[in-house]
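To start, the structure under review is shown below, and the notes come after it.
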Amino acid sequence: MTEYRPQEIEKKWQAFWKQNQTFKTEFPSQKPKYYVLDMFPYPSGAGLHVGHPLGYIATDIVARYKRLKGYNVLHPMGYDSFGLPAEQYAVQTGQHPAVTTENNINRYREQMDNIGFSYDWSREVRTSDPTYYKWTQWIFIQLFNHWYNRISDKAEPIETLIAIFEKDGNKKYSAIGGGAACDADIEIFTADQWYKYSDKEKYAITLKYRLAYQSNSIVNWCPQLGTVLANEEVKDGVSERGGYPVIRKEMPQWSLRITAYADRLINDLDLVDWPDPIKEQQRNWIGKSKGCMLEFKIQNSDAKIEVFTTRVDTIYGVTYLTLAPEHELVDQITTPDQKENIAKYILYAKNKSERDRQADVKTVTGAFTGAYAINPLNGALIPIWIGEYVLAGYGTGAVMAVPSSDTRDYAFAKHFNLPIIAVQEGSHTDITKEDFDPKAGTMINSDFLNGMAVPQALEAMTRKVEELGVGYGKYNYKIRDAIFSRQRYWGEPIPVFYKDGMPYVLKESELPLELPKIDAYKPTETGEPPLARAEGWKYETSTMPGWAGSSWYFIRYMDNTNDKEFASKEAIDYWQEVDLYLGGSEHATGHLLYSRFWQKFLYDLGKVKTKEYAKKLINQGMISGVSQKILTVSGPIFDNDGSKKSIHETNTIYTGHNNEQVITIGDMTASVYYSYDYFSKIEDYISQNPDKNYRLIPVNINIVSNNDFNTGILDINEFLKDENYGKNKVLIVKNGYWKNSKFHLFKDEPISDPIPFLTKSEVEKMSKSKFNVVNPDDVINQYGADTLRLFEMFLGPLEMSKPWNTASISGVSRFLRNVWRLFYDDKGNWVVTEGNPDEKSLRILHKTIKKIEEDIERFSFNTSVSTFMVCVNELNDLKCHNKQVLSDLLILMTSYAPHITEELWSKLGNTKSIAYATFPTFNPDYLVENSYEYPISINGKLRHKMSFSLDTLPADVEKEVLASQEIVKWTEGKAPKKVIVVPGRIVNIVL
RNA sequence: GCGGAUAUGGCGAAAUUGGCAGACGCACUAGACUUAGGAUCUAGCGGGCAACCAUGGGGGUUCAAGUCCCUCUAUCCGCACCA
């Protein structure tokens, strides 16, 4: 083969690698290790689009590069194969999700194979495989069997907790559970009392302390999906998947005590090289805030209200308390005359869905309980209100309101005419409008705090309330324990059975607890999860959430076939942790947080070696699609000048080749479509009249050719064939021409071909419904996998989001042909020469080695492609076909374009794969030039260029410059103040 | 509202520690070969006749600023009544 035919050589080498197991990972190995990991995909029915492989290509480049550098590389791939879409498909069709999943996986695999990745497929994992989820269940059991000891600050076996109870009771450790449920529910007992409990009672107590525990939680219940959703699966009050409404409901649920790890999850972010936005999002999500718990006594009552505040310094400005409508004391403290009012308000708040609540946070609502609390510092009586702006789930569900320092309290106070006391300078007036910073300034009207700055006052007041015994400093967290139950079929069964109403976990030997066969996949008629349909199923009926399997898969890759352990100690000792992890930033507060939590738990158990599992994380940017849209109007129709006409008064259109026949549009039920250069004129009108009957609808990008960056040209014939857009279509183009699919109707004059029908281009997320999905297979069929790989890298920086713009792909394709041209001339003759390369070629080569090495080490793949282009162009200009130079070039390029390099490598007479080659060593000697041309600038402005020999030191250069007659002329004979010489770069003379 | 990021030709973008801004590619223009090809090759390509002016706007530090500091503006993303 003497011509570059990518499709042929790519298939050939992909088969070769597979057959020879070229990329099989060594274990055990004496080599240093490198672990490079992609976030594994959920295998959806839509297959891969060009955005998915972006990260895979980048990691593949790193993996291949590290192998050439002598590392033993772990570069695995697998599937996050439990998930909702396969289950929903099963509900509709009855097809087992395992079948759908298997099909989708095969499709994914085929697509990935086409790109030529160097994964070691023998290490593949699938979360839905019983040999895998056996160990997911095993981890759950470990979580169940452990509790969090706040004193040793780690997870410990439940037996150590029981030993403590036997010795001291639970007083000292009452808050160890960490979760809200635990703090509230557990009675204090002594060691003596503990001995008096029955075994069953003892067991019930331990259940509240375990890291996996059951509780009645208020959950996000989605009736349409028939399941509970995690907070991050709910967006704006509707489910992320499907967009169904979500209501809040109390249900018994399994939870994992991630809150126990909150501090470590924040602190250990310092140990990893992750993008700042991700770290920041995680910190935000955990939401640690320093504040103070305060106790308010209630007038004429024994009840006390606890509030959490971050601004205890403003306590003299408290003019009322607000409780969440769900607060447990509301009923008790409400005075008889307010009962009716409060009941009405609670009912109102309860019926308001989460979505409505979030939709209008501006509206102020609330009700007065009739009760008064006492300010613990000055004894002032302050009214107690309830209001929906106070969240039941955060802090204590009660706030001390300081309307002069907090805008929400201010709005509430204004609305209900409650008093406002300024306690900070500048807070006398409307604090929502004034340029007022509540975190700065000095305290006023606040007794002993007067004159103090805010931070100082905070400290002083915290000490004071602790002295008085009415409060204490405390950190509060936004993060909630992670709900772990899903009322679904297609997930890991929770390895739990019930006896006497209490949960017990299975023994390790009983794992895996496999998913049972059931006849239908929807919830039962009585609303129980699908697993309740299984005959003889005596286990927990809910399954684990989607994130369970993905929280530890990176460990399983180390030893994926082990059926004795989740991974062997030897494997974990060797592979340690992921060196480079690549995936999308959308997992910031989901997978990336939960997996860190599990890693820390396994670390506490001594099962893994590192506190964090991924040293370096890169978020690849999303590749968005370019949709092509046309306008359709069902209401008014617009004439050439933009004036509005009704579709019926648009009179008549002429038909036939001779414009003989006349019909009205009104008779034809045709769909009317506007070309962009026509509707751009009326866009303003449309945007100002949003209720009009117009729609921008996407057309398949395959029937649109690129025009410019804003528009495309529609293939009218293809469009007319497509019945999805109506049988009869009237297309309105620039000059008021009309065209109909059936009759080829023209108005006024026949359409003079070609008048392009323009579409409007819009950059959007790739999705089926927008017809803007680009399939990598199509690109490969046209250009080859190497071109696809190079092009995806060339598009721009890896981390940046960018639209898929096929326009510049031809340049990359041309480049690969130029590479081929270094070996074969245009007549197909082999032109590679033997012998020693000349100095110029070596210079080019070593410049390239240096650059490529630097680029890959700092993950700047786009610049590498440019570097290759420059290198090949320069070698071409030199007519360099030297074998040694070209060999090294192929090794440099093989990470990026493995197929073409493998082919040419074999043509050079190598019998072993290029994957076993060694990355060339950079030799700086080749880069040193005989002379260097220094630009000379005077006062920063470029004036002149001078050449100096290579062994001239900067100081000598300086002397030479000053001695130069020409420079003396430039400086007009003045003695310079300073001469700055940057070696190899520039000389600057400061006058 | 809070937090984070980004801003460089017609377009995607380079510029690693402050050191000749615009590499490389696309598009475009002219020419060559051929002559209906979306092929290939050569040259040009930020603005200005020029000196010079140009990295979202304004200010500062420096011999030297896309890069550092202050400030304003625009766009994107995340969180959002978190007390």
Side-chain angles (χ1 to χ4, degrees), chain A residues 232 236 275-281 283-285 287-289 291-292 307-312 314 321-322 324 357-358 360-364 387-391 393-402 405-409 411-412 432 476-479 585-586 588-589 621-622 705-706 708-709 790-791 794-797 799-803 805-815 817 826 851 854-855 857-858 860 862-871 873 933-943 945 976-991:
Chain A
E232 50 277 16
D236 301 324
D276 287 336
I278 294 281
K279 290 189 179 184
E280 206 45 49
Q281 271 186 65
R283 285 192 198 102
N284 228 308
W285 187 262
K288 182 178 184 172
S289 52
C292 207
V307 303
F308 176 75
T309 177
T310 56
R311 292 301 305 277
V312 69
T314 61
L321 297 188
T322 317
R357 255 196 186 192
Q358 285 174 353
D360 68 340
V361 293
K362 294 267 143 54
T363 320
V364 177
E388 61 176 338
Y389 83 97
V390 178
L391 304 172
Y394 182 75
T396 60
V399 303
M400 57 172 236
V402 185
S405 291
D406 184 290
T407 52
R408 292 155 305 173
D409 297 342
F412 195 86
T432 57
N476 208 11
Y477 300 87
K478 276 197 263 181
I479 194 171
S585 58
E586 66 273 20
T589 54
M622 201 155 53
S705 51
N706 277 337
D708 56 41
F709 287 92
L790 282 166
F791 180 62
F794 187 65
L795 266 178
E799 300 90 335
M800 208 104 83
S801 288
K802 54 228 156 191
N805 179 7
T806 327
S808 51
I809 198 167
S810 57
V812 174
S813 172
R814 219 183 331 250
F815 158 71
R817 286 206 299 276
D826 49 7
K851 190 77 171 48
E854 284 169 359
D855 283 346
E857 296 286 352
R858 69 191 170 106
S860 171
N862 54 329
T863 50
S864 284
V865 182
S866 298
T867 306
F868 288 130
M869 287 175 172
V870 172
C871 175
N873 284 343
E933 194 171 59
Y934 279 77
I936 312 287
S937 52
I938 296 172
N939 279 347
K941 296 215 164 135
L942 184 71
R943 283 294 155 85
K945 285 188 177 179
K977 279 187 198 148
K978 217 185 336 180
V979 177
I980 294 136
V981 180
V982 182
R985 291 276 175 95
I986 195 165
V987 177
N988 195 8
I989 297 168
V990 185
L991 291 180

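To find a chain, count down the sequence lines: A is the first, B the second, and so on, and within it residues start at 1. When reading the values below, keep in mind they use all heavy atoms of this one structure, side chains included, and skip hydrogens, waters and symmetry mates.
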Describe the nucleic acid contact of [X] in one word from base, sugar-phosphate, nothing, applying a heavy-atom distance below 4.0 Å.
{"X": "A:Asn862", "result": "sugar-phosphate"}
{"X": "A:Lys851", "result": "base"}
{"X": "A:Pro803", "result": "nothing"}
{"X": "A:Ser289", "result": "sugar-phosphate"}
{"X": "A:Ser866", "result": "base"}
{"X": "A:Gln281", "result": "sugar-phosphate"}
{"X": "A:Arg283", "result": "nothing"}
{"X": "A:Asn873", "result": "sugar-phosphate"}

Under 4.0 Å between a side-chain N or O of A:Arg817 and OP1 or OP2 of B:A39?
no
Side-chain N or O of A:Arg858 closer than 4.0 Å to phosphate OP1/OP2 of B:A15
yes
When you measure from the side chain of [X], which nucleotide among [options] comes out closest?
{"X": "A:Glu854", "options": "B:A13, B:U16, B:C81", "value": "B:U16"}
{"X": "A:Glu280", "options": "B:G3, B:C81, B:C26", "value": "B:G3"}
{"X": "A:Asn284", "options": "B:G3, B:C41, B:C81", "value": "B:G3"}
{"X": "A:Thr309", "options": "B:G25, B:A83, B:C26", "value": "B:A83"}

Whole-Å distance separating the [atom1] atom of [X] from the [atom2] atom of [N]:
{"X": "A:Phe412", "N": "B:A83", "atom1": "CZ", "atom2": "C1'", "value": "13 Å"}
{"X": "A:Tyr394", "N": "B:A80", "atom1": "OH", "atom2": "C1'", "value": "13 Å"}
{"X": "A:Asn805", "N": "B:A27", "atom1": "CG", "atom2": "P", "value": "10 Å"}
{"X": "A:Phe794", "N": "B:A23", "atom1": "CZ", "atom2": "P", "value": "12 Å"}
{"X": "A:Lys279", "N": "B:G3", "atom1": "NZ", "atom2": "C1'", "value": "16 Å"}
{"X": "A:Glu586", "N": "B:A5", "atom1": "CD", "atom2": "P", "value": "19 Å"}
{"X": "A:Asp855", "N": "B:A13", "atom1": "CG", "atom2": "P", "value": "17 Å"}
{"X": "A:Met869", "N": "B:A13", "atom1": "CE", "atom2": "C1'", "value": "12 Å"}

Could you give the distance separating [M] and [N] at their [atom1] atoms, to the nearest angstrom?
{"N": "B:C20", "M": "B:A32", "atom1": "C1'", "result": "34 Å"}
{"N": "B:G57", "M": "B:C49", "atom1": "C1'", "result": "30 Å"}
{"N": "B:G47", "M": "B:G1", "atom1": "C1'", "result": "43 Å"}
{"N": "B:G4", "M": "B:C24", "atom1": "C1'", "result": "31 Å"}
{"N": "B:C28", "M": "B:U17", "atom1": "C1'", "result": "38 Å"}
{"N": "B:A7", "M": "B:G58", "atom1": "C1'", "result": "16 Å"}
{"N": "B:A13", "M": "B:A23", "atom1": "C1'", "result": "10 Å"}
{"N": "B:G48", "M": "B:G9", "atom1": "C1'", "result": "15 Å"}

Contact nearer the 5' end of RNA chain B, comparing A:Ser585 with A:Val812:
A:Val812
Provide the Watson-Crick or G-U wobble partner of [N], both distances under 3.5 Å; none if there is no partner.
{"N": "B:G9", "answer": "none"}
{"N": "B:A54", "answer": "none"}
{"N": "B:G78", "answer": "B:C2"}
{"N": "B:C63", "answer": "B:G19"}
{"N": "B:C49", "answer": "none"}
{"N": "B:U34", "answer": "none"}
{"N": "B:U29", "answer": "B:A43"}

With rounding to the nearest 0.5 angstrom, report the [atom1] to [atom2] distance, [X] to [Y].
{"X": "A:Asn873", "Y": "A:Phe868", "atom1": "CG", "atom2": "CZ", "answer": "13.5 Å"}
{"X": "A:Phe791", "Y": "A:Ser813", "atom1": "CZ", "atom2": "OG", "answer": "11.0 Å"}
{"X": "A:Asn284", "Y": "A:Lys478", "atom1": "CG", "atom2": "NZ", "answer": "5.0 Å"}
{"X": "A:Arg817", "Y": "A:Asp826", "atom1": "CZ", "atom2": "CG", "answer": "12.5 Å"}
{"X": "A:Thr867", "Y": "A:Met869", "atom1": "OG1", "atom2": "CE", "answer": "10.0 Å"}

Please list, for nucleotides 63-66 of chain B, all pairs of protein and nucleotide N/O atoms separated by less than 3.5 Å.
unit_1 : atom_1 : unit_2   : atom_2 : d
B:C63  : O2'    : A:Gly940 : N      : 3.4
B:C63  : O2     : A:Asn988 : ND2    : 2.1

Would a distance-only check, ignoring hydrogens and angles, find a side-chain to backbone donor-acceptor pair under 3.5 Å from A:Asp409 to A:Val402?
yes
Side-chain (A:Thr322) to main-chain (A:Val399) donor-acceptor, under 3.5 angstrom
no
According to side-chain hydrogen bond (donor to acceptor under 3.5 Å, both in side chains), who are the partners of A:Ser810, at least two apart in sequence or on a separate chain?
none
Report the glycosidic orientation of B:G47: syn if within 90° of 0, anti in every other case.
anti
Partner residues of A:Lys851 under the salt bridge (Lys or Arg N to Asp or Glu O under 4.0 Å) criterion, sequence neighbours left out
A:Asp855
Return the orientation label for the A:Phe412 and A:Tyr389 ring planes: parallel under 30°, perpendicular over 60°, tilted otherwise.
tilted
